[in-house]
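First up is the structure itself, then whatever we jot down about it.
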Amino acid sequence: MRCPRFMASVFAVFFFLFLASVSSVILPAYASVPAMPSLSEERGTVPLKKDFAPSFKLPAGNQRLALVAPAVSTFTDWYRYPSEDRFWFPMAKDPETGVESLAYFRDALAGAMTSVSGANDNDAWTATLAYPGGTSQNWPPLKFFSAYQGMSNCFVSYTAPGLPSWYECGGTSLDIIWYAKAQCRQPGLWTMRFYYNGAEFYSGQFRVLPQIPEKTVYAQTSKVPLYNQFSYADHYDSVCRTTACTGMACDLKCAGAPNETNATIAQEGCYLTDAAMILSYHGATVTPPDLNTWLNANAGYESKYDTKKQRWTKTGHVKPDMVVKYAGSRGVAMSYDNDVSLPVDAWAGLSDNEKYLCAYGPQMGKVSSTHWAVLTGMNQARTLYAVNESKGGVAGTTTAPREIRKFSGPEYIYRDRTAIEINFYSPGELLITDPLGRRLGYDPINKAAYNEMPGLYGSDTQHDDVSGEVGHEAKELRVSKPMDGDYILQIIGTGTDSYGVTFAVSGDWNGVFESEDVGEFDGSITTGEIHSYGLNFVRAAGPALAFHGGFDGAGQRPKDVNKFLSYFSPTNSQTKLPAGTTSFPLMITYSKETIAATFKAVLNGIDVTSSFKPVPGGHETVVIPLAAGRNVIELSVDGALPARTAHDADRLVFIVQ
């Protein structure tokens, strides 16, 4: 695809076993390293010894009443647990004010560290958290017992009153991180208060920003790198222009002609550049030229040969599944669209786009009618989206995107990355129906949009980012996690032109992610005309589809016989055509069982068999002449079934009004 491509409930509150003190983002040396928190638990705690000094005891023989000194309870710092780095780090200060400590709605967890020393029998510590909207969360107590289940000097954490979750014995000092889930929670100022034996010993605030962190904690480099497509004069895909016509309207597949000039990443590579940014964020670090080279070597671009214009066209579209496959080649598990569902426990006040960003990371956003950029979050007021813009390699803001294309990264376990992807090039819309009758796409005749099954439907208008020239429009329809069975794809014309439609299947087979082109068809269509394609998907068969006409001619039983001959167009046994129509492009498919030598076609009593070239498992378009009034074509063929030979005969009527 060339650019642009169309391509609260609070989580568990925990105490956490942690390091004694942290003075920088470099991890100090300690006797033990904190375990990864269990991000799926509703509540939990993990302790770490700090300085386990013995409890104070009076000298032997001292008969005076001992006055026990209270424990020392102090606030240490604010901490965040980035979902990208998966370790605890102290929050940085706001670079503009130097005052507020900052967390992000992409962080898995956020909270504070406090320290205890000199604990006494039956001491208790707890905390509260107030969110920006006024709701709050209370921590169950952490208690200290001088004797506990036969052990001495034990800190005991509770997941609920009276329900211990862990204990740590042998000393009177401990460091504790109190944290709550921050990912996809309400942005704004979070207020925490800490109590020792019921008395508050510290209160403070930190701010959760509705953004992906700008820098990595370890390397202090950009989490989502800023790549500038204008910096790359590399040959983009295999797209060429001519010296006589340098606009994108003349784009064609390079053929080595002497008048060809190469299209460049600077001109047409914004989606490529955006994809490189997203890949790099998820750990498959790559530059746009290197990704371009890999896609060229691995059939990662879509191309379409226009049989009527006798040239390659619609070149340069990055296949999003191949972006995922590139990540896999680098050992990084990513997904496009599949498994990228809205998080169910996100703060209800977030928009759907914000939920995708906080749950999965940067996304492709359509920021104008012809251009896509990388969304990285929102500004603090949540009025504008933050973007990395490939045109110039700058960070900026934009209004709400028209739509987004969803990618996710390796922190999620993908159970099903299977998808059927359909790309259509012509004035028209797509509408698919699955074996359960659910629909996805748009019906321009009835002006109805459908989103009844997992997947997406969108459009892309090609655009030259250097000249500003706007090219042709393409449509993308994607069925996520398809079920086995027959699908019907309707192509509904919104203009008169030739078209091309391509099919691909992606998914994991034998432990390897694959994305394969499985079909390509050409046709011509007019406004309001409908072409119907039948698709049979069987997951166990691997990345493949079986094609047949969406209309099988009717009449024979069982259905396998009736599909010896089937049709993309027409879609009914009787078709009415406007006055003056002199021909009809009959789009016929032959099942692999057909016996070509038995095929016969008769139009208005005249044998026209020689006009057809039946090939088992193939398809063709045959233009049949029509006269005013009623026209009848009768088609028949035999087919070999496992136990017998059967006969399929269809009768199609065309009425020219």
Side-chain angles (χ1 to χ4, degrees), residues 10-22 28-39 41-58 66-79 81 87-88 90 109-129 137-181 192-204:
V10 175
F11 181 71
V13 186
F14 296 91
F15 301 107
F16 188 73
L17 175 68
F18 195 67
L19 314 173
S21 63
V22 177
Y30 286 93
S32 60
V33 177
M36 178 180 290
S38 178
L39 305 183
E41 294 180 2
E42 285 299 316
R43 195 181 297 275
T45 56
V46 185
L48 177 67
K49 296 179 182 179
K50 177 187 176 186
D51 177 17
F52 273 69
S55 298
F56 174 77
K57 293 183 180 180
L58 291 174
L67 297 177
V68 179
V72 177
S73 303
T74 57
F75 171 84
T76 303
D77 206 348
W78 300 107
Y79 280 84
Y81 192 89
F87 214 92
W88 285 106
L109 309 166
M113 178 192 287
T114 66
S115 298
V116 174
S117 60
N120 300 295
D121 195 26
N122 290 310
D123 278 349
W125 296 264
T126 188
T128 63
L129 169 63
Q137 173 71 38
N138 299 324
W139 271 256
L142 170 71
K143 293 185 177 181
F144 180 83
F145 301 102
S146 58
Y148 181 77
Q149 296 184 0
M151 297 168 285
S152 61
N153 296 331
C154 297
F155 288 88
V156 182
S157 173
Y158 293 86
T159 56
L163 184 62
S165 60
W166 58 262
Y167 59 85
E168 185 67 46
C169 301
T172 61
S173 299
L174 193 67
D175 279 350
I176 311 152
I177 284 187
W178 312 71
Y179 63 85
K181 186 171 182 179
M192 293 187 71
R193 300 180 184 276
F194 302 91
Y195 301 88
Y196 166 55
N197 290 338
E200 182 181 303
F201 68 87
Y202 184 83
S203 67

Item to complete: Could you go through the side chain to side chain contact (heavy atoms under 4.5 Å, CB included) check for Phe155 and Val116 one step at a time?
Response: CA-CA 10 Å; Phe155 288 88; Val116 174; 4.1 Å; yes
Next on the checklist: Can you see whether Trp125 engages Ser73 through a side-chain donor-acceptor pair at a distance of less than 3.5 angstrom?
Outcome noted: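 Yes.
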What I want to check is whether the side chains of Ser115 and Asp175 have a donor and an acceptor closer together than 3.5 Å. yes
I'd like to check [X] versus [Y] (side-chain heavy atoms, cut-off strictly below 4.5 Å). Are they in contact?
| X | Y | result |
| --- | --- | --- |
| Tyr79 | Leu109 | no |
| Asn153 | Phe144 | yes |
| Tyr158 | Leu142 | no |
| Met113 | Asp77 | no |
| Phe201 | Thr114 | yes |

**Q.** Ring centroid separation Tyr148 to Tyr167 under 6.0 Å
**A.**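 Yes: the rings meet the under 6.0 Å criterion.
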In Å, rounded to the nearest 0.5 Å, how long is the span from [atom1] of [X] to [atom2] of [Y]?
| X | Y | atom1 | atom2 | result |
| --- | --- | --- | --- | --- |
| Thr126 | Lys143 | OG1 | NZ | 10.5 Å |
| Asp121 | Ser152 | CG | OG | 11.0 Å |
| Asn120 | Ser146 | CG | OG | 9.5 Å |
| Ser157 | Ile176 | OG | CD1 | 9.0 Å |
| Leu129 | Trp178 | CG | CH2 | 12.5 Å |

*asked:* To check you understand the geometry: which heavy-atom pair defines the closest contact between Phe194 and Ala112, and what is its length?
replied: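 Minimum heavy-atom separation between Phe194 and Ala112: CZ-CB, 3.6 Å.
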**Request:** Looking only at non-hydrogen atoms, find the nearest pair between Met192 and Gly111 and report the distance.
**Result:**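 The pair with the smallest heavy-atom distance is SD-CA, 4.0 Å.
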Tyr196 side-chain N/O to Ala71 backbone N/O, donor-acceptor pair under 3.5 Å:
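Yes.
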**Prompt:** Is the Tyr202 ring parallel, tilted or perpendicular to the Phe75 ring (thresholds 30°, 60°)?
**Reply:**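 Because their plane-to-plane angle is under 30°, the rings of Tyr202 and Phe75 count as parallel.
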